[in-house]
Amino acid sequence: MTAGAEILIVEDNARNLKLVRDVLEHHGYATAAASNAEEGIELARARHPALILMDVQLPGIDGIEALGRLRRDAATADIRVVALTAFAMHDDRERFLAAGFDGYLEKPLDVPAFPGQIAALIDGQDMEAP
Ligand code: MN
């Protein structure tokens with residue numbers, strides 16, 4: 001059961017952020033949002049969301065470094081974190097999973113598939129290869 005779960009979106013592109021937020025809220029999720037990693041880490045500590053969607057390319061600290069900081073902090077170490085990235089290459093997907101992300105979603109989002117992907121990620125299912 002994932003309805004009402006809170007999802008933290010860390011995304012510096014306002015349009016992408018709005019799209020993700022609108023789709024998630026339409027499907028009954030609560031959301032919190034940050035436009036940079038530092039703010040995202042603070043929100044993760046304060047709110048302990050069910051899932052974090054982490055843009056990889058962020059100003060300042062990038063999403064991979066942010067993931068490392070979350071994992072090294074006992075307050076946030078167990079939160080599931082999914083990479084959001086425009087990179088479409090299979091090698092990058094492997095690199096992000098190797099970095100410790102719990103999953104990987106490519107932008108632009110597949111909007112019809114997105115709610116199902118999120119529900120599976122919150123439930124801790126492994127992602128299927130695209
Ligand atoms: Mn970005």
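Ligands are counted one by one from 1 in listed order, and the atoms in each one are counted from 1 as well.
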Geometric class of the F101/F96 ring pair [parallel <30°, tilted 30-60°, perpendicular >60°]
perpendicular
Under-4.0 Å salt bridge between E11 and K107:
yes
Of all the N, O or S atoms in D55, the one nearest to the Mn ion (ligand 1) is OD2
Looking at the Mn ion (ligand 1), is there an N, O or S atom belonging to E11 that lies under 2.8 Å away from it?
no
Are R71 and D102 ion-paired here, with the side-chain N under 4.0 Å from a carboxylate O?
yes
Taking both backbone and side-chain atoms into account, decide whether N16 has an N/O/S atom under 2.8 Å from the Mn ion (ligand 1).
no
Atom of D12 nearest the Mn ion (ligand 1) (restricted to N/O/S, atom name only)
OD1
So L17 and N13, do their side chains get closer than 4.5 Å, heavy atoms only?
no
